[in-house]
> 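Below is one structure. I have some questions about it.
We name chains A, B, ... by the order of the sequence lines, and we start the count at 1 in each one.
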2 protein chains.
Amino acid sequence: MFQVDIRSRIPIYEQMYENIRRLILEGHIKEDEQLPSIRELASLLTVNPNTIQKAFKQLEQDGYIYALQGRGNFAKKLDVLYRNQEIEGVKKKLREIILEAKLLNVPIESLMDLLKDAYKRGESQ
Amino acid sequence: MFQVDIRSRIPIYEQMYENIRRLILEGHIKEDEQLPSIRELASLLTVNPNTIQKAFKQLEQDGYIYALQGRGNFAKKLDVLYRNQEIEGVKKKLREIILEAKLLNVPIESLMDLLKDAYKRGESQ
DNA sequence: TAACTGTATTATGTTATATAATACAGTTAA
DNA sequence: TTAACTGTATTATATAACATAATACAGTTA
């Protein structure tokens with residue numbers, strides 16, 4: 001499914017969060033599809049169940065999944081409104097990095113080329 | 001000069017590092033110009049001297065400043081070769097965020113517009 | 001010499017992260 | 001009904017990163 005790097009400075013639960021979030025956004029986990037159980041993931045990735053739980057809880061709070069007592073965790077339907085918040089966040093980050101690039105005197109043409117190129121190469125869907 | 005947010009999850013020494021790095025890259029601190037002393041900054045920002053020292057040490061290792069025993073810390077001349085490493089780092093981050101945007105189905109035209117806009121608005125120099 | 005600088009070390013405290021070990025409750029299939 | 005799954009919650013423990021505190025020493029400068 002995916003991997004976590006226990007030596008990374010990024011917390012495991014945050015890596016988990018990002019990975020699952022990505023799988024949902026990319027459509028690899030569809031609406032109402034069940035995720036692996038906490039214990040299953042824990043043993044699969046050799047990570048403590050509590051750590052998985054922390055990631056899942058965050059995913060639930062942020063609207064990516066929903067939990068059913070005794071049944072499991074499932075991918076939520078991503079509504080448009082919510083997705084817009086996501087998009088705004090990405091745009092903000094994008095602006096920051098563009099300023100950073102400008103600071104380093106990277107010409108705008110280079111950035112445009114990079115943008116086109118990266119967008120093309122991005123895995124579709 | 002700048003501020004640090006002690007409640008941020010970004011370590012103080014890292015905020016210091018970023019702030020000073022930025023001042024140098026933006027040309028607000030010029031080549032061979034002396035930086036405030038460690039103790040001075042420490043009392044100014046009410047941060048422990050050791051924390052400042054950690055930021056300065058990192059800045060020195062990364063080629064932004066040089067230290068003279070008993071004299072102080074000074075901004076280094078940024079050579080082209082080094083700047084290229086910086087640029088590569090920013091480009092990498094840029095690619096990642098563009099993929100993120102694509103994931104959220106932001107059309108490339110929006111990103112192009114955003115790019116032009118952000119680049120224009122960026123404080124010059 | 002006094003008052004600055006950088007540098008280094010040791011000790012202490014705090015917080016976030018992660019693990020371990022349980023326990024309890026809901027669901028499901030045999 | 002029971003066994004084996006699920007989620008949920010709690011308490012305890014360990015560790016590492018971060019930051020502070022308190023010194024000490026060495027080089028520079030007026």
> Starting at CZ of B:Arg7 and ending at P of C:dT15, how long is that distance when rounded to a whole Å?
14 Å

> Whether B:Arg22 and A:Glu100 form a salt bridge (side-chain N of Lys/Arg under 4.0 Å from carboxylate O of Asp/Glu) is what I want to check.
yes

> Any side-chain to backbone donor/acceptor pair from B:Asn48 onto B:Asn50? Under 3.5 Å, distance only.
yes

> Is A:Arg9 paired with B:Glu14 through a side-chain N to carboxylate O contact shorter than 4.0 Å?
yes

> Under the side-chain contact (heavy atoms from CB on, under 4.5 Å) criterion, do A:Asn19 and A:Met16 qualify, and how do the steps go?
CA-CA 5 Å; A:Asn19 281 321; A:Met16 294 275 315; 5.8 Å; no

> Write out the stems for DNA chain D, ordered by first number and formatted as range with range, counting runs of at least 3 consecutive Watson-Crick or G-U wobble pairs under 3.5 Å.
C:1-30 with D:1-30

> Between B:Ser37 and A:Gly70, just flag the one whose closest nucleotide in DNA chain C comes earlier from the 5' side.
B:Ser37

> Would you say A:Lys54 places a side-chain N or O within less than 4.0 Å of OP1 or OP2 belonging to C:dA18?
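For A:Lys54, the contact criterion (side-chain N or O under 4.0 Å from OP1 or OP2 of C:dA18) is not met.
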
> For B:Asn48 and D:dA19, what is the distance between atoms CG and C1' respectively, to the nearest whole Å?
7 Å

> Answer yes or no: does a side-chain N or O of A:Thr51 lie under 4.0 Å from OP1 or OP2 of C:dT19?
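Answer is yes, contact under 4.0 Å.
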
> For a quick test of reading the model: is some side-chain N or O of B:Asn50 closer than 4.0 Å to OP1 or OP2 of C:dA8?
no

> Between D:dG7 and A:Asn73, is there an OP1 or OP2 to side-chain N/O distance shorter than 4.0 Å?
yes

> Nearest whole Å is fine: how far is C:dT17 P from A:Arg9 CZ?
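Computing the A:Arg9:CZ to C:dT17:P distance gives 12 Å.
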
> Below 4.0 angstrom from OP1 or OP2 of C:dT28, is there any side-chain N or O of A:Arg71?
yes

> Mind calculating the distance between CD (B:Gln69) and P (D:dG27) to the nearest angstrom?
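Taking CD of B:Gln69 and P of D:dG27, I get 7 Å after rounding.
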
> Quick check on A:Gln61: does its CD atom have over 12 non-hydrogen neighbours (other residues, nucleotides or ligands) under 6.0 Å away?
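Yes, because the 6.0 Å sphere around CD of A:Gln61 holds more than 12 heavy atoms from other groups.
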
> Calculate the interatomic distance between A:Gln53 atom CD and C:dA25 atom C1'; express it in whole Å.
13 Å

> For B:Ile6, I'd like to know if atom CD1 has over 12 heavy atoms of other residues, nucleotides or ligands within 6.0 Å.
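Result for CD1/B:Ile6: open.
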
> What is the separation between atom CE on B:Met16 and atom P on D:dC18, rounded to the nearest whole Å?
15 Å

> Indicate whether OP1 or OP2 belonging to D:dG7 is found under 4.0 Å from a side-chain N or O atom of A:Lys57.
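No, outside the criterion.
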
> Take atom OH of B:Tyr66 and atom C1' of C:dT5, then tell me their distance rounded to the nearest Å.
14 Å

> If the threshold is 4.0 Å, N to carboxylate O, is there a salt bridge linking B:Arg21 and B:Glu18?
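A salt bridge links B:Arg21 with B:Glu18.
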
> For B:Asp113, is there any backbone N or O sitting under 3.5 Å from a side-chain donor or acceptor partner on B:Asp117?
no

> Mapping B:Leu68 and B:Tyr13 to their closest nucleotides on DNA chain D, which lands nearer the 5' end?
B:Tyr13

> Name the nucleic acid region contacted by B:Glu40, choosing base, sugar-phosphate or nothing; use a 4.0 angstrom heavy-atom cut-off, strictly under.
sugar-phosphate

> In whole angstroms, how far is the P atom of D:dT28 from the CD atom of B:Gln34?
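The answer, rounded to whole Å, is 14 Å.
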
> Within the 4.0 Å heavy-atom criterion, would you say A:Ile6 contacts the bases, only the backbone, or no part of the nucleic acid?
nothing

